[in-house]
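In the text below, chain A, chain B and the rest are named by the order of the sequence lines, each starting its count at 1.
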2 protein chains.
Amino acid sequence: MDVIKNKEYGLDQEQLARFAKAMGHPARITILNYLASMDSCYFGEIHNELPIAKATVSQHLKELKDAGLIQGEIETPKVKYCINRDNWEKAQSYFATFFALKNEKISCCN
Amino acid sequence: MDVIKNKEYGLDQEQLARFAKAMGHPARITILNYLASMDSCYFGEIHNELPIAKATVSQHLKELKDAGLIQGEIETPKVKYCINRDNWEKAQSYFATFFALKNEKISCCN
DNA sequence: TTCGTAGTTCGCAAAATTACGAACAATAAT
DNA sequence: ATTATTGTTCGTAATTTTGCGAACTACGAA
């Protein structure tokens, strides 16, 4: 009776990677920083913080939204963006747990 | 006298994005998890944890090394990999600070 | 109706990422 | 000298990401 090794990635690992990937661009970090520290958060203000075209900003916002880290709401004629608090806290917890793993151990190399 | 707006990204934002990007793939999260929880950490063992070819594993390890999250040491004929503790803690602190930003505020949307 | 504002979506190009097998290097064992 | 072990590097292909301008949508105002 052989042990069958699951070669797929775990759900937690996929989820953490997803959050990390969404944060893996300086423009998106800047957006998140901005949204995390402001309450007024229209597209135009975000665009103004960044050195890139509005089409590109829109794309980055879409990726952050798809990853669940932010949410957008139409407030005609503007669009208001905010941090998605639930997922923000989820991400926070995922990262915290992840990094804490190492601290429980004595390292082999350093 | 005009205010000149710096359109570049801040160093902290670049650094955090760099860490996040390195973590932005389930295989690399799996590697980091493994290294964070084990002391014996040869290439072969890591490869064994993953559903991908060794060439690809080697590539992922290189990216993690380039991002500073791990380090490798030749122990002929094997290669021993470990978490880079200094940068690990640096990353931990960057992420913690980043996520804490939001918690200091009352959100506009949620 | 026509115009202006605020963003999104489209189409495209360039670059980066992901993945693999094959070839390679370095050493140890036969 | 040949072979086996352990990983890395090379070459390549497929996909994704990043970025832009132009076109488009939706709405309100003139």
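Rounded to whole Å, atom C1' of dT5(D) lies 19 Å from atom NZ of Lys80(B). One interatomic measurement links the two molecules: CG of Leu61(A) to C1' of dT18(D), which rounds to 14 Å at whole-angstrom precision. For the pair Ile52(B) CD1 and dT17(C) P, the interatomic distance rounds to 16 Å; values are reported in whole Å. In this structure, Asp66(A) places its CG atom 14 Å from P of dT16(D), rounding to the nearest Å. Rounded to a whole Å, the NZ atom of Lys62(A) is 11 Å from the P atom of dT17(D). Rounded to whole Å, atom P of dA25(C) lies 15 Å from atom CD1 of Ile74(B). Atom CD of Glu75(A) and atom C1' of dT8(C) are 17 Å apart (whole Å). Residue Glu14(A) contributes atom CD, which lies 13 Å from atom P of dT18(C) at whole-angstrom precision.
OP1 or OP2 of dT6(D) has not a single side-chain nitrogen or oxygen of Tyr81(B) nearer than 4.0 Å. Note on His60(A): a side-chain N or O is less than 4.0 Å away from OP1 or OP2 of dG19(D). At the phosphate of dG19(D), neither OP1 nor OP2 sits under 4.0 Å from any side-chain N or O atom of Thr56(A). A close approach under 4.0 Å does occur between a side-chain nitrogen or oxygen of His25(A) and OP1 or OP2 of dG19(D).
When each of dA6(C), dT17(C), dC20(D) is scored by its nearest atom to the side-chain atoms of Ala55(A), the top-ranked nucleotide is dC20(D). Residue Val79(A) places its side chain closer to dG7(C) than to any other of dG7(C), dG21(C), dT18(D). Checked against dG7(D), dC20(C), dT16(D), the side chain of Phe43(B) finds its nearest nucleotide in dG7(D). The side chain of Ser58(B) lies closest to dT8(D), out of dT18(C), dT8(D), dC20(C). Taking the side chain of Thr76(A) as heavy atoms from C-beta on, and the options dC27(D), dG7(C), dC20(C), the nearest nucleotide is dC27(D).
Residues Lys78(A) and Gln59(A) both approach DNA chain C. Their nearest nucleotides, taken by heavy-atom distance, put Lys78(A) toward the 5′ side. Nearer the 5' end of DNA chain C, as judged by each residue's closest nucleotide, is the contact made by Glu63(B), out of Lys54(B) and Glu63(B). Take the nearest nucleotide of DNA chain D for Pro77(A) and for Gly24(A): the residue whose nucleotide is more 5' is Gly24(A).
Aromatic ring centres of Trp88(A) and Phe19(A) lie farther apart than the 6.0 Å criterion allows.
Expressed to the nearest 0.5 Å, how far CD1 of Ile52(B) lies from OG of Ser58(B) amounts to 10.5 Å.
Ring planes of Phe99(A) and Phe95(A): parallel class, angle under 30° (limits at 30 and 60°).
Between Tyr81(B) and Glu73(B), the side chains place no donor N or O within less than 3.5 Å of an acceptor N or O (distance only, hydrogens not considered).
In this structure a side-chain-to-backbone donor-acceptor pair under 3.5 Å is present from Thr30(A) to Pro26(A).
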